[in-house]
Amino acid sequence: MEFVTFLRDGIQLPGLLTADRQRVLSLEEAGLGAWSTLTAFIADAGPDLLARAASASAQSEGTPLSSVQLLAPIPKPCHDILCVGVNYRDHLEESEAAMGKIAHQDSVYFSKRAHIMTPHDATIDGHLDLDPCLDYEVELAVVIGRECRNVAPEEAEDYIFGYSVFNDMSARGIQMRHNQWYRGKSLDGFAIMGPTLVHKSALPFPIEVDVCSRVNGELRQSSNTRLFLADIPHLISELSHGITLEPGDIIATGTPAGVGMGFDPPRWLKSGDTVECEIQGVGLLRTHIR
């Protein structure tokens, strides 16, 4: 099942794709009730509701995708995005070459503001007037499905709703100048996710999927989530100890080597570039730079 948020006739609706990925149904049209947002649905999505969603997605009726505008699956998160830094060894090494030694005995966590999430195939302001060092990062996004706290690693999958593709766009000059990552990661438009939210049943544990990015068609990043330094159960468990996670919370699980910062000289994005982030079984997320 692939869940979406879309605009039809100027109205924002949570919904799901049909199995052929050619049509979309609002959750109400799918017989799942009238939900204001996908986050509200996620919070109440028990086994019966999900079984009905699976049945509805198998039908061939619905509005053609070409007739609607896909938004990010969760257009406005309740909280900042929880991000994991340097969670692939090769990216840790390239980051230390660019920014200096990073304490990495434990996972590196930071948050990223998302005023409005940027959807698939959108054109964003690269804010190149503020910082010419614009960079890309493909990441697997994990979306929490149930409120949780102090989760044991072996129970982590129970609290996941699904997965999406995330591009952690970064203004590297700002990031390094402030000696912390929040502002350089949080400029408007820099939280990019989609095109859909794939239910966790499509990717059973352990998650081992190929992850890659391309700039103007050129492969830049290529890895697999089995190479995480800290896997998803560890991340959810550690983050939830002392911190309550809520339905719709987004965890961006880190990026592999091959970001622009990692080249010598660096290969920053520029106006007119197109970035594609792709994750096996999850989708392809395209972004254009203005």
Side-chain angles (χ1 to χ4, degrees), residues 1-8 11-17 24-57 70-84 109 111-119 139-166 191 193-205 207 232-233 235-253 282-283:
M1 290 178 289
E2 294 184 77
F3 293 88
V4 296
T5 298
F6 64 99
L7 278 179
R8 185 174 61 194
I11 300 173
Q12 180 175 307
L13 298 166
L16 69 162
L17 292 189
V24 65
L25 295 161
S26 72
L27 295 181
E28 187 170 11
E29 290 166 341
L32 304 177
W35 301 91
S36 58
T37 65
L38 189 54
T39 299
F41 172 81
I42 289 170
D44 208 32
D48 177 66
L49 203 56
L50 290 171
R52 288 159 53 197
S55 177
S57 69
L70 282 186
L71 304 177
I74 300 176
K76 196 171 181 67
C78 294
H79 304 122
D80 284 357
I81 296 154
L82 297 166
C83 298
V84 185
Y109 297 115
S111 64
K112 182 181 182 87
R113 180 175 173 82
H115 170 60
I116 296 292
M117 296 283 277
T118 300
E139 309 200 14
L140 176 68
V142 177
V143 176
I144 296 298
R146 296 164 53 200
E147 183 174 302
C148 58
R149 192 169 184 268
N150 300 334
V151 174
E154 59 270 19
E155 298 173 345
E157 188 178 16
D158 295 341
Y159 295 94
I160 296 171
F161 181 82
Y163 307 96
S164 193
V165 185
F166 191 79
M193 192 171 93
T196 69
L197 174 55
V198 178
H199 188 256
K200 66 180 179 182
S201 56
L203 294 173
F205 269 27
I207 306 296
I232 292 169
L235 297 174
I236 291 175
S237 178
E238 188 164 70
L239 283 168
S240 71
H241 272 74
I243 299 175
T244 299
L245 303 180
E246 296 188 300
D249 277 346
I250 300 165
I251 302 173
T253 56
V282 183

To check you understand the geometry: which heavy-atom pair defines the closest contact between [X] and [Y], and what is its length?
X: V165; Y: G283; answer: CG2-O, 3.4 Å
X: F166; Y: A252; answer: CD2-CB, 3.9 Å
X: F161; Y: A45; answer: CE1-CB, 4.0 Å
X: E29; Y: V24; answer: OE1-O, 4.5 Å
X: D80; Y: A114; answer: OD1-N, 4.3 Å

How far does [atom1] of [X] sit from [atom2] of [Y], to the nearest 0.5 angstrom?
X: S57; Y: F3; atom1: OG; atom2: CZ; result: 7.5 Å
X: Y109; Y: L239; atom1: OH; atom2: CG; result: 4.5 Å
X: S240; Y: L235; atom1: OG; atom2: CG; result: 10.5 Å
X: L50; Y: I42; atom1: CG; atom2: CD1; result: 10.0 Å
X: L140; Y: I251; atom1: CG; atom2: CD1; result: 10.5 Å

Side chains of [X] and [Y] in contact at under 4.5 Å (non-hydrogen atoms):
X: P119; Y: L70; answer: no
X: I243; Y: L82; answer: no
X: F41; Y: L32; answer: yes
X: M117; Y: I250; answer: yes

Please enumerate all residues that pass side chain to side chain donor-acceptor pair (under 3.5 Å) together with [X], with sequence neighbours excluded.
X: T39; result: none
X: H79; result: E246, D249
X: E28; result: none

Quick note, side-chain hydrogen bond (donor to acceptor under 3.5 Å, both in side chains) partners involving residues 141-156, not counting sequence neighbours, are none

Self-check item: Residue pairs passing the salt bridge (charged side-chain N to carboxylate O under 4.0 Å, His left out) test where at least one lies in residues 36-57, sequence neighbours excluded
Solution: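 Those involving residues 36-57 are D48-R52.
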
Please set out all donor-acceptor pairs under 3.5 angstrom arising from side-chain atoms of residues 193-201, sequence neighbours excluded.
from, atom 1, to, atom 2, distance (Å)
T196, OG1, E2, OE1, 2.8
H199, ND1, S201, N, 3.2
H199, ND1, S201, OG, 2.9
K200, NZ, E157, O, 2.8
K200, NZ, I160, O, 3.2

Those residues that, when tested against [X], pass side chain to side chain contact (heavy atoms under 4.5 Å, CB included) (two or more places apart):
X: T5; result: Q12, L38, L71, P75
X: A40; result: W35, S36, T37
X: A43; result: P247

Y163 meets the ring pair (Phe, Tyr, Trp, His ring centres under 6.0 Å) criterion, sequence neighbours left out, with none

Heavy atoms of other groups near H115 NE2, more than 12 under 6.0 Å: no

Go through the steps to decide whether I236 and I144 satisfy the test side chain to side chain contact (heavy atoms under 4.5 Å, CB included), and finish with yes or no.
-> CA-CA 9 Å; I236 291 175; I144 296 298; 4.3 Å; yes

